[in-house]
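Throughout, a chain's letter reflects where its sequence line sits, starting with A, and its residues are numbered from 1.
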Number of protein chains: 2
Amino acid sequence: MARLPVYLRALHALQDRGVATVSSEELASAAGVNSAKLRKDLSHLGSYGTRGVGYEVEYLVYQISRELGLTQDWVVAIIGVGNLGRALAGYGGFASRGFRVAGLLDADEQIVGQEISGLTVRHIDRLEDVIGEHGVSIAVIATPAGAAQGVCDRVVAAGVTSVLNFAPVVLTVPEWVDVRKVDLSIELQILAFHEQRKAGGPDGAGGRPSALDSGPPEPVHYVEAAE
Amino acid sequence: MARLPVYLRALHALQDRGVATVSSEELASAAGVNSAKLRKDLSHLGSYGTRGVGYEVEYLVYQISRELGLTQDWVVAIIGVGNLGRALAGYGGFASRGFRVAGLLDADEQIVGQEISGLTVRHIDRLEDVIGEHGVSIAVIATPAGAAQGVCDRVVAAGVTSVLNFAPVVLTVPEWVDVRKVDLSIELQILAFHEQRKAGGPDGAGGRPSALDSGPPEPVHYVEAAE
DNA sequence: ATGCCTTTGTGAATACGCGCACAAAGTCGA
DNA sequence: TCGACTTTGTGCGCGTATTCACAAAGGCAT
């Protein structure tokens, strides 16, 4: 389930606060989901709760980590060291969750050789070497759109079976390879869509809170046809 | 629908290649979805196809852009100018889709005053001013986890009704505010989960291609219990 | 003009996810 | 020891999304 990482994060926060046991209600609230859903999710990986008490935080952390495969280290390579690649290389959330960045690669000679977050950027020509040497199993593609499919084909040919794609293209891969896509522009477009509806979209004003109940302080934003 | 931006991107690519009309089958393939689903999605915003021919690319681009609210400009502020904030500020996919970054804000005095992608970083104290002056309606939160909820409360109080959150926390907002979350660590954890299953997870080896059919060149990666 | 061929738009069947609500199970106080 | 209370685990119904499959609609060649 895609929600397990969220639970895990909430559990880590509880752990840091010294909480030993937690009820499904509390944990669900912290994770922003329904408590029944959370219980059902947890029950799918075995019954680790005690009725009348709740779940033991530490034990649950271990079980979820195990289920997610975080009890082992995963070796990651980042291809494309532009602004985004740099940000990813320096992102602390990786190392703390068992993800080790073993290689940074780029095609730009200006960038190759630079040291970023303790790693030297290597040339994309060495892609297969880097993957082989370090046993990379997850590739993060942060290249321009045009280069993404080519890079993807190469990492797959080199044995990578999971790809995290930040380039704005739909990657084609063999069926044994998993791809997840993060697209900043699409996220904004979805927000714009809802924003437009709130401001009284094509269907006429629908469903936004009136100024009477505890709505926004300012009426609404101006909306005028952009042509 | 959350798929419209994907269709739009595929259509833009077709437009660049000079394609005038496209069938649901082709477009669905380019967008990575089922063709019936695509037709149903498009039919929900009116019937813009011609039977026997397909859809006119240019017209469809306009209709989807309109539906998504991209015929107007949206004003965005980015709060938190670390590695990620910097990457976002320089991301070309924003401007080209009608999103204008009007403000960069940070709490760090070292960063305030720097010019990044043509914008001067301002101090977080001026948050409300920046939002008001430019009519910001979308806030991008790229702060550390600890600061995110506080920043979120402030932008909401200042009138922002859409938030794109990169901080690894679940934000609590009034019900008229939309939040979308992008969490790099969670994406990797989901990949690790599938990776583990492919490598013969807790359930025993299940469903991965054998070495007989067109599987990966190398057998599989080593997997050993990490404790 | 006419009939064949392509492609859309959609009814119907299916699968899926979600959440309510409750029984089973366990704790804790008396 | 016993009963009341808390919390888990899950059966069930419901609404939504997805897919199949086909009839309606339009183009195009003859």
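Atom-to-atom, NE2 of His44(B) to P of dG11(C) comes out at 11 Å; the value is rounded to the nearest Å. The nearest whole Å value for the distance from the NZ atom in Lys40(A) to the C1' atom in dG9(D) is 9 Å. Protein atom NZ of Lys37(B) is 17 Å distant from nucleotide atom C1' of dA13(C), rounded to whole Å. Across the protein-nucleic acid pair, Leu60(B) atom CG and dG9(C) atom P stand 10 Å apart, rounded to whole Å. Atom CD of Glu56(A) and atom P of dT7(D) are 17 Å apart (whole Å). What separates CG of Asp41(A) from P of dC18(C) is a distance of 8 Å, to the nearest Å. Between Leu42(B) atom CG and dG9(C) atom C1' the separation is 11 Å, expressed in whole Å. Remark: C1' of dT7(C) and CG of Leu38(B) are 13 Å apart, rounded to the nearest angstrom.
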Next on the checklist: As a quick check of understanding, evaluate side chain to side chain donor-acceptor pair (under 3.5 Å) for Tyr62(A) and Glu58(A), giving each step before the final call.
Outcome noted: CA-CA 6 Å; Tyr62(A) 171 71; Glu58(A) 195 175 356; over 6 Å; no
Next on the checklist: Does Ser185(A) form a side chain to side chain donor-acceptor pair (under 3.5 Å) with Gln189(A)? I'd like the steps, not just the answer.
Outcome noted: CA-CA 6 Å; Ser185(A) 173; Gln189(A) 288 176 51; 3.0 Å; yes
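Residue Arg3(A) has a polar side-chain atom (N or O) positioned under 4.0 Å from OP1 or OP2 of dC18(C). In this model, the phosphate group of dG9(D) is approached by a side-chain N or O of Tyr55(A) to a distance below 4.0 Å at OP1 or OP2. Between dT8(D) and Ser24(A), a contact under 4.0 Å exists linking OP1 or OP2 to a side-chain N or O. Within the 4.0 Å cut-off from OP1 or OP2 of dA17(D), not a single side-chain nitrogen or oxygen of Asn34(B) is found.
Of the possible polar contacts, one joining the Gln149(A) side chain to the Thr172(A) backbone as a donor-acceptor pair under 3.5 Å is found. Distance alone, capped at 3.5 Å, is enough to place a donor-acceptor pair between the Trp74(B) side chain and the Gly69(B) backbone.
Side-chain to base pairing of Arg51(B) with dT7(C): no donor and acceptor N or O lie closer than 3.5 Å to each other.
Between dG26(C), dG9(C), dC20(D), one nucleotide has an atom nearer to the side chain of Thr50(A) than all others, and that is dG26(C). Listed nucleotides: dT8(D), dC18(C), dG9(C). Nearest to the side chain of Arg39(A): dT8(D).
DNA chain C is contacted by both Ala36(A) and Gly52(A); Ala36(A) maps to the nucleotide lying nearer its 5′ end (nearest heavy atom per residue).
At least one side-chain heavy atom of Lys37(B) sits under 4.5 Å from a side-chain heavy atom of Arg3(B).
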